[in-house]
Number of protein chains: 2
Amino acid sequence: MGKPAPEAKPGATIYSVAEHAGVSIATVSRVLQGAAVVAEATRQKVLTAVDELGYTPLGAARSLAVRHHEAHGLVLPELSGPYYAELLMGFEARAAELDQSVVLVLTGSRTDLVAAVRQLATRVDAIAVFGSAAIPADVVRMLRAKKPVVVIAGEPHDGIEAVAAENLGSARELAGHVLDHGRRRVLFVGDPDSGPDVRNRHAGFVAAHRDRGLDAAEPVRVALSEADGAAFARRLLAGEHEADALMCANDELALSIMTALQDAGRDVPGDIAVVGWDDVMTSRYVRPGLTTVRQPVHELGALAASRLHELVSGEPPREDAQTLPTQLVVRSSCGCA
Amino acid sequence: MGKPAPEAKPGATIYSVAEHAGVSIATVSRVLQGAAVVAEATRQKVLTAVDELGYTPLGAARSLAVRHHEAHGLVLPELSGPYYAELLMGFEARAAELDQSVVLVLTGSRTDLVAAVRQLATRVDAIAVFGSAAIPADVVRMLRAKKPVVVIAGEPHDGIEAVAAENLGSARELAGHVLDHGRRRVLFVGDPDSGPDVRNRHAGFVAAHRDRGLDAAEPVRVALSEADGAAFARRLLAGEHEADALMCANDELALSIMTALQDAGRDVPGDIAVVGWDDVMTSRYVRPGLTTVRQPVHELGALAASRLHELVSGEPPREDAQTLPTQLVVRSSCGCA
DNA sequence: CTGTTAGCGCATTCAA
DNA sequence: TTGAATGCGCTAACAG
């Protein structure tokens, strides 16, 4: 077992350390912040005292004195699926480089979103918010009045800065690829109103049709989860929709639909092509491999953290959308060999 | 576009609000905390002033005064794959219920882990740490000397509390299931030294053999990622190992190995059975479906958050491991129809 | 190179 | 029901 680790003792403050080391609190602060020059001898005395007392500075006191939290807030809808997790990893990594703590709020688990973000604004210097319908625009505006804000995967609005991955162009390319396989009854599966991302993917879908003098069908408005995909697949199999190709708003949807169709005896892509968006891990494992679009999600998170830091440092918000390039990943679910 | 959202104004403090409302700061504090009784008229004056000034309290000042951060720290290795994400969601959800902020540290992105957690201890009341080899025991002990700590997916050590999902019994059951299919050259793939979780799964593997009077083979020590699984699969195909079944330490490993074997023409489970651990999404989609073990990951995260809160509230650490039950999920990769 | 001192913004006694 | 005063622990001038 080993001996019990010493328990947390509350006591030690900068005063007790100073006293223990026989110096002033200013000196303690100096050696701990490495700010000014301190004689090596005193430095050691302080370090020893810190160690002996198990001193842990009180972040709140420092924040109050320096008038910075040295923390970034991040508001995400949830974390299921690889997309948000990857985004968060990118954000955290960059924040770490900038010596900023990360305070996370997931809106999915909140009954009172407004109170949660208001509370968040209380303890961070700036906040990144994911731009989905799960986080209403007026909440973002409310935040903006308190702290610097950047919207992730959204569009610049009312002077609120945004960062995003490219959607329209890649969606146009992807839809064009499917159409060029000769498919003529292509359905867009996903709700363009669920957020700027899906809206732009749908816009690309429409544009690809227009490019070829075709009319795009109305989008099938379903949410972006496995369950919604399965429900749609049932409706499709029941004959409610007619299609020889499906362009799904994300991979989760595409995968659950594709699998359901296959389980029902349909041939993908023979009978019907299916493509997605995100390039999640599963998309490489299924047969046929899912044709999709890869986003630089990690970089997107990192960019958000970088921009927050620059905004805190006094840089003005950017008016233009900062867009990261995406990449079409062609496998075989689209009809390619 | 809409009109620009008002920018963050730094000014407002409890003093400016008090002045604006014509009351004392004590009254402002009272209405904002809802603590004491305040006359409805004054209450409204204060609320109006708060609104007009766009007042956001400074969390650091509050923390300093109340001597609590009202925040929990969470230290995780990374977030790829559904396991940690789900854990984090459970943790965050429970923390939210308890009105605690969540400060996240991912060790994967840190060059100096010790500095990162030391810094973390500065701004939270208590810390949950994932108990893998990625986070050394002495780091945990160091933390323990500063703040209440609970180790997730670990074992109680030196008076440090732990919460975990059940591993040994389910592993014994899973390995037994495979052996009862008549497989006799079963390999455990994963490094028992990578953490208590894998160690216990391996122990169950060994126990299942012992139950049947068999000898368990030495574990194949590989890390828990897709890439490591693919590398192992190549070695297996090259004849470096001989096996008619693989019990993998997690699903990521199992999936990448299974797919690699299939791509090389091997029949799963005909030629070789493959089972995993975690029940990730992909495990339902692959063919054959992956036999695995489902953990209550969300609940595990929630339990950690609950315990942190109780420790902060003065409850003593528990000596015994708090273990959540797991569930064997039988699909067909094990040899079942 | 080091010590003294004055806030940082809030919660909270204690009086009134 | 309200206000005045004090201190939470730290940083950062300013003096020496």
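Treat the numbers as computed from the prediction; the structure is a model and nothing was measured. Per chain, numbering begins at 1; letters A, B, ... match sequence-line order.
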Short side-chain donor-acceptor distance under 3.5 Å, B:Gln322 and B:Glu161 = yes

A:Glu70/A:Arg62 salt bridge by N-O under 4.0 Å criterion = yes

Chain A contact limits on DNA chain D, taken 5' to 3' with a cut-off of 4.0 angstrom to heavy atoms | D:dG9 to D:dA12

How far apart are the closest heavy atoms of A:His309 and A:His72, and which atoms are they?
-> N-NE2, 3.7 Å

Which angle, to the nearest 10 degrees, lies between the helix axes at the two ends of the helix from C:dC1-D:dG16 to C:dA16-D:dT1, each defined by five pairs?
-> 30°

For A:Pro196 and A:Gly154, the nearest pair of non-hydrogen atoms, with its separation, is CG-CA, 3.7 Å

Taking the side chain as C-beta and beyond, is there a heavy-atom pair between A:Gln100 and A:Asp125 under 4.5 Å?
-> yes

For nucleotides 8-16 of chain C, 5' to 3', base contacts (B), sugar-phosphate-only contacts (S) and non-contacts (-) with protein non-hydrogen atoms under 4.0 Å give BBBBB----

Show your reasoning for whether side-chain contact (heavy atoms from CB on, under 4.5 Å) applies to A:Val124 and A:Leu308.
-> CA-CA 11 Å; A:Val124 299; A:Leu308 284 190; over 6 Å; no

Flag yes if more than 12 heavy atoms outside A:Glu19 fall under 6.0 Å of its CD atom; otherwise flag no.
-> no

Look at all strands and tell whether B:Ser63 reaches a base, only sugar-phosphate, or nothing, counting heavy atoms closer than 4.0 Å.
-> nothing

Look only at the side chain of A:Glu92 and the backbone of B:Leu106, and say whether a donor-acceptor pair between them is shorter than 3.5 Å.
-> yes

Smallest separation among heavy atoms of B:Lys146 and B:Ala121, with atom names = CD-CB, 4.1 Å

Determine whether the side chains of A:Glu78 and A:Ser80 contain a donor N or O and an acceptor N or O closer than 3.5 Å.
-> yes

